[in-house]
**Q** 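Before I ask anything, let me first share the structure, which is written out below as structure tokens.
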There are 2 protein chains.
Amino acid sequence: MDAMQKRSSTIQDVARRAGVGVGTVSRVLNDHPNVTQATREQVLRVIADLGYRPKSAAVTLRTRQTREIGLITDEIATTPFAFDLIRGAQDEAWAHQSILVLINTSGNLDLLNAALDQMYDRQVRGVLYAAMFHQPVNLPERFRELPAVLVDCYSEDRSLPSVVPNEIQGGQDAVATLLQHGHRRIGFINYTTDQPAVVGRLEGYRRALAAAGVAYDPTLVRQADIAPEAVYRTTIQLMQQPDRPTALFCFNDRTAMWAYDALRDLALRVPEEVAVIGFDNQELLAANLRPPLTTMQLPHYEMGRWAVHHLIAGNPQPSPTAPQVQLDCPLVWRASV
Amino acid sequence: MDAMQKRSSTIQDVARRAGVGVGTVSRVLNDHPNVTQATREQVLRVIADLGYRPKSAAVTLRTRQTREIGLITDEIATTPFAFDLIRGAQDEAWAHQSILVLINTSGNLDLLNAALDQMYDRQVRGVLYAAMFHQPVNLPERFRELPAVLVDCYSEDRSLPSVVPNEIQGGQDAVATLLQHGHRRIGFINYTTDQPAVVGRLEGYRRALAAAGVAYDPTLVRQADIAPEAVYRTTIQLMQQPDRPTALFCFNDRTAMWAYDALRDLALRVPEEVAVIGFDNQELLAANLRPPLTTMQLPHYEMGRWAVHHLIAGNPQPSPTAPQVQLDCPLVWRASV
DNA sequence: TTGTATATTGGAATCGATTCCAAATAAAGT
DNA sequence: ACTTTATTTGGAATCGATTCCAATATACAA
């Protein structure tokens, strides 16, 4: 508690104790040239003695720039991906001596505006805006007043830089993997909306088949809500049709989980009788299913890194040509194929 | 981009345009008394015109205090709980006009120390330290140099305030629920370590039985690693013994998921023939199993709130009598009981 | 040795807020 | 009308860093 109240030392204290001017101390602090080795060491010694650390408020006030990056999340809360994204962003920020400041807006527009105010007041280097799943977003105009990068989403007009998963590549690689294992009739349980993941993965499915010279059979492609019974029923139907598929590409890991249930009830063994591949790599599910699920990983960690990197190195400005990056979804091998 | 470079206005600008002194502006900004209604309105008008906002760096420098709270997480990454905790902390921080600054240390001690340096430099109001599951932790001495609150963990010597789930209550309520539904032979698949969750939930199990006047039968209590096959086999054994249990209390939701598998293979229907209750309420699992799993929720959101609240309102100081709070785990009703 | 170019150094000014004190105004009391 | 007392106000000092400029020290050349 003593430690807690003790007024911490300032650059003045250091200068006085070291018998030099504040300018000199500042110079050693910031690795400027034109300081003799002797004085540098002397100053460093005093700094260590005093346990002196520059206060970031003072630095910011004077230099007009912080070492903070804002991360605004929209209800990302509910998805377990969140943390990979945060970790990626943090690791990259850390590499630039920066730190993350977090605000979750819970999809509330007032909160979003308040969040922007905060970021503005704090003079952050820039902000990331992360959505809970790959989607177009409509953001307030004020987003253009700060350097910003969108993660797992993109602005309708493409005027802000964004980084999203490469859904097509993901779908294509997933299906290509099944093809490589000899499967020719590959069922696809897709989701019903028209979000990028849905259309992208379907496109990937088609491309993979085309590349392997396998004809596209519409009866193998189904759409189901992401709900236990819907997927269960869809799977049963899909597998009971004549010339049933020998492999299943599922829109996501949850879908795969319910498909597993259906397959089990049909007494079809995974992977012996039916191979299954998922999408998302939600560890909690994929790694814990029986058998563990082979799946495509969403590049959340990498998206977080890329976004921060671009923010710091790319000096992003809103413009019609803002980069729109897609990052690949790698395959995660488990036991279901 | 114009907006992006424009030097934002200062309190001086406001004072000049409003024809008052900076002191007056500061007074209206901070709701101090002794400002006539007329000048107050005049100043407010200019502030709105200019879109003026005080820069937090300047405020911090002068007042020596920020509106930031540090959140240091230890590898919490991998658990989907993380975000509830963060949300709780953020909501409470927000209510005090404060914001969260996040650092994940990935269990790395150097990073932890660096994180503390950062927090110190930034003069945060205090820090939360959150572990990835309820456990004792051994933290560097430096933690005592800042107000700190531990979340989902506690220091061995109990000298830092902490907030953790009430494992005993959780276990007790879980089992009491089963008892209320008429079950008398209740199996318990526990985990093998001696972490608080394991001993606490077992204690809760015993207390619930005792309260209901049901004898404790050691053959109903098993320990299994949290691994698919281990739980699967344990469940099979447990259910095949003479006078099999009619209900199952599982250490956590993952355990329950694998127990489901075993029950299905034994052709025992949930909940008709066997009731199942889990623990943790990992939405992704519990809500998506078939049938959806009734479970005890870990109070991550509330722990986050409590921790921030205590940090701000409780003025925590390290002391032998630091509060050690346990928060209840509420029951989440689904369909497995 | 002396003059010139170069490398170090000290310290005042600055960033943008808050706070305190003295001065100016208004209100109250006789 | 004239103190006395209470409210409002302006503005200088301050927080703790960086930066720039002038001053000093040192190196180099003739």
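Throughout, a chain's letter reflects where its sequence line sits, starting with A, and its residues are numbered from 1.
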**Q** Can you work out whether B:G19 or A:A57 has the more 5'-proximal nearest nucleotide on DNA chain D?
**A** B:G19
**Q** Please report, rounded to the nearest Å, how far the P atom of D:dG16 is from the CG atom of A:L50.
**A** 13 Å
**Q** Please tell me if the side chains of B:S162 and B:V325 come closer than 4.5 Å, counting only heavy atoms from C-beta onward.
**A** no
**Q** Is there a side-chain contact between B:N113 and B:P140 in this structure, where contact means two heavy atoms from C-beta onward sitting under 4.5 Å apart?
**A** yes
**Q** Hey, can you pull the residues of residues 22-35 of chain A with a non-hydrogen atom under 4.0 angstrom from DNA chain C?
**A** A:V22, A:G23, A:T24, A:R27, A:N34, A:V35
**Q** Find the distance B:R122:CZ to D:dA17:P and express it as a whole number of Å.
**A** 15 Å
**Q** Which whole-number value in Å describes the distance from A:Q12 CD to D:dT18 P?
**A** 11 Å
**Q** Would you indicate, yes or no, if D:dT9 has its OP1 or OP2 atom less than 4.0 angstrom from a side-chain nitrogen or oxygen of B:T39?
**A** yes
**Q** Do A:D152 and A:P165 come close enough that some side-chain heavy atom pair is under 4.5 Å?
**A** yes
**Q** Without decimals, in angstroms, what is the distance between A:Y52 OH and D:dT18 P?
**A** 6 Å
**Q** What's B:R40 touching, base or sugar-phosphate or nothing? Going by heavy atoms closer than 4.0 Å.
**A** nothing
**Q** Any idea which of D:dG16, C:dA17, D:dT18 is nearest the A:T63 side chain?
**A** D:dT18
**Q** Run the numbers on A:W94 and A:L100 for side-chain contact (heavy atoms from CB on, under 4.5 Å), then give the verdict.
**A** CA-CA 9 Å; A:W94 197 264; A:L100 291 186; over 6 Å; no
**Q** In whole angstrom, what separates A:R62's CZ from C:dG16's P?
**A** 10 Å
**Q** Just N and O in the side chain of A:T36: are any of them under 4.0 Å from OP1 or OP2 of C:dT9?
**A** yes
**Q** For the pair made of CD in B:Q123 and P in D:dG16, what is the distance, rounded to whole Å?
**A** 8 Å
**Q** Can you tell me the distance, in whole Å, between the CD1 atom of B:I11 and the P atom of C:dA17?
**A** 6 Å
**Q** Report the distance from atom CG of A:L61 to atom P of D:dT18, rounded to the nearest whole Å.
**A** 11 Å
**Q** Taking atom NE2 of A:H96 as the centre, does the number of heavy atoms from other residues, nucleotides or ligands within less than 6.0 Å exceed 12?
**A** yes
**Q** Do B:D91 and B:R305 have side chains that get closer than 4.5 Å, going by heavy atoms?
**A** yes
**Q** Let's see if you can work this out: which of C:dG16, C:dA13, D:dG10 has an atom nearest to the side-chain heavy atoms of B:K55?
**A** C:dG16
**Q** Is the NZ or CZ atom of B:R158 positioned over B:Y154's six-membered ring, under 6.0 angstrom from the centre and within 45° of the axis?
**A** yes
